[in-house]
Amino acid sequence: LTTVGKAMTPDELKANLEVDDAEPGEWLEQQPGQALGIGTGGIGGFYLTAAPWVMSWYRPGARLFLAEGTGARHRKRQHVVFAKARLVREITLDDAMLDIWPEIRMFVLLTSRDRGEIPFIDLYNQDFYGIQLRGMDLRNSKLERCDFTAAALQDCWFDGSLLRGCNFNR
């Protein structure tokens, strides 16, 4: 769950909602006067996104959750603003969703590395066709036979990385 322009950890979310015991599965609702998710047009609520756009919400060390919302207030292609939301489960390194959505795989790998759960990103024969990775820190990664065809890689850092047999064609 994130606010406009700022990703929030579950602990930050709990603090902002003044809920001490929020657990996955509990519906959370923005209370009057709270500044969660106030964007252009004054639309407040919980911003949930789909897998293809998850990288735009990346922040170092963030955690990713499968969430659901109710009471849609505003819809855009990249996200929906909901009046209420709940965390279903955390998406971690062993989650099957990583095999389905390359954006989720990259998000979880980057944030796991940021938190020290893995020493570096190590991928073999992965398809990242068209992924949006602008400004990502991929230093010291090991990427072998990965397909980055049509990917947006502007301002990414690859210092010290092994990029053996990867396809970076546009």
By ring-ring contact (aromatic ring centres under 6.0 Å, His included), which residues pair with Tyr124, not counting sequence neighbours? none

Quick one: do Ile118 and Leu93 satisfy side chain to side chain contact (heavy atoms under 4.5 Å, CB included)? Show the steps, please. CA-CA 10 Å; Ile118 57 174; Leu93 286 169; 3.7 Å; yes

Measuring from atom CG of Leu143 to atom CZ of Phe120, what distance do you get when rounded to the nearest 0.5 angstrom? 10.5 Å

Partners of Trp53 by side-chain contact (heavy atoms from CB on, under 4.5 Å), sequence neighbours excluded? Thr49, Ala50, Ser56, Arg77, Gln78

Quick one: side-chain hydrogen bond (donor to acceptor under 3.5 Å, both in side chains) partners of Asp94, sequence neighbours excluded? Thr92

Side-chain touch Thr70/Glu68, heavy atoms, less than 4.5 angstrom: no

Do Glu26 and Leu87 touch side chain to side chain, with heavy atoms closer than 4.5 Å? no

Output yes when a side-chain donor or acceptor of Arg86 lies under 3.5 Å from a complementary backbone atom of Trp27, and no otherwise. no

Rounded to the nearest 0.5 Å, what separation is found between the CG atom of Leu66 and the CD atom of Glu90? 11.5 Å

Which atom names give the shortest non-hydrogen contact between Gly135 and Cys156, and what distance separates them? N-SG, 3.9 Å

For Met106, the option from Ile104, Val108, Leu110 that meets side-chain contact (heavy atoms from CB on, under 4.5 Å): Leu110

According to a hydrophobic-cluster definition based on side-chain heavy atoms being under 4.5 Å apart (Ile, Leu, Val, Met, Phe, Trp, Tyr only), do Trp157 and Met55 belong together? no

side-chain contact (heavy atoms from CB on, under 4.5 Å), paired with Leu138, selected from Leu109, Ile121, Asp159: Ile121

Please name the residue in the list Asn167, Asp127, Asn169 that meets the side-chain hydrogen bond (donor to acceptor under 3.5 Å, both in side chains) test with Thr149. Asn167

Counterpart residues, ring-ring contact (aromatic ring centres under 6.0 Å, His included), relative to Phe148 (two or more places apart): Phe128, Phe168

What is the distance from atom CZ of Arg139 to atom OG of Ser161, rounded to the nearest 0.5 Å? 9.5 Å

Residues at least two apart in sequence or cross-chain that pass salt bridge (Lys or Arg N to Asp or Glu O under 4.0 Å) with Arg134, listed by chain then number, are none

What's the spacing between Ser112 OG and Arg63 CZ if we round to 0.5 Å? 10.5 Å

Arg73 side-chain N/O to Phe46 backbone N/O, donor-acceptor pair under 3.5 Å: no

Could you pull out all residues at least two apart from Lys84 that satisfy salt bridge (Lys or Arg N to Asp or Glu O under 4.0 Å)? none

Atom CZ of Phe158 and atom CG of Asn140: how far apart are they, to the nearest 0.5 Å? 12.5 Å

So for atom CZ, which belongs to Arg145, do other residues, nucleotides or ligands contribute more than 12 heavy atoms lying within a distance under 6.0 Å? no

Locate the shortest heavy-atom distance separating Cys146 from Asn125; write the atom from each residue and the value. SG-N, 4.2 Å

Roughly how far, to the nearest 0.5 Å, is CZ of Phe107 from CZ of Arg59? 8.5 Å

Are Leu153 and Leu133 packed together at the side-chain level, in the sense that at least one heavy-atom pair is separated by less than 4.5 angstrom? yes

Over all heavy atoms of both residues, which pair between His79 and Val81 is shortest? Give the atoms and the distance, please. CD2-CG2, 4.0 Å

Can you tell if the side chain of Asp114 reaches within under 4.5 Å of the side chain of Tyr58, non-hydrogen atoms only? yes

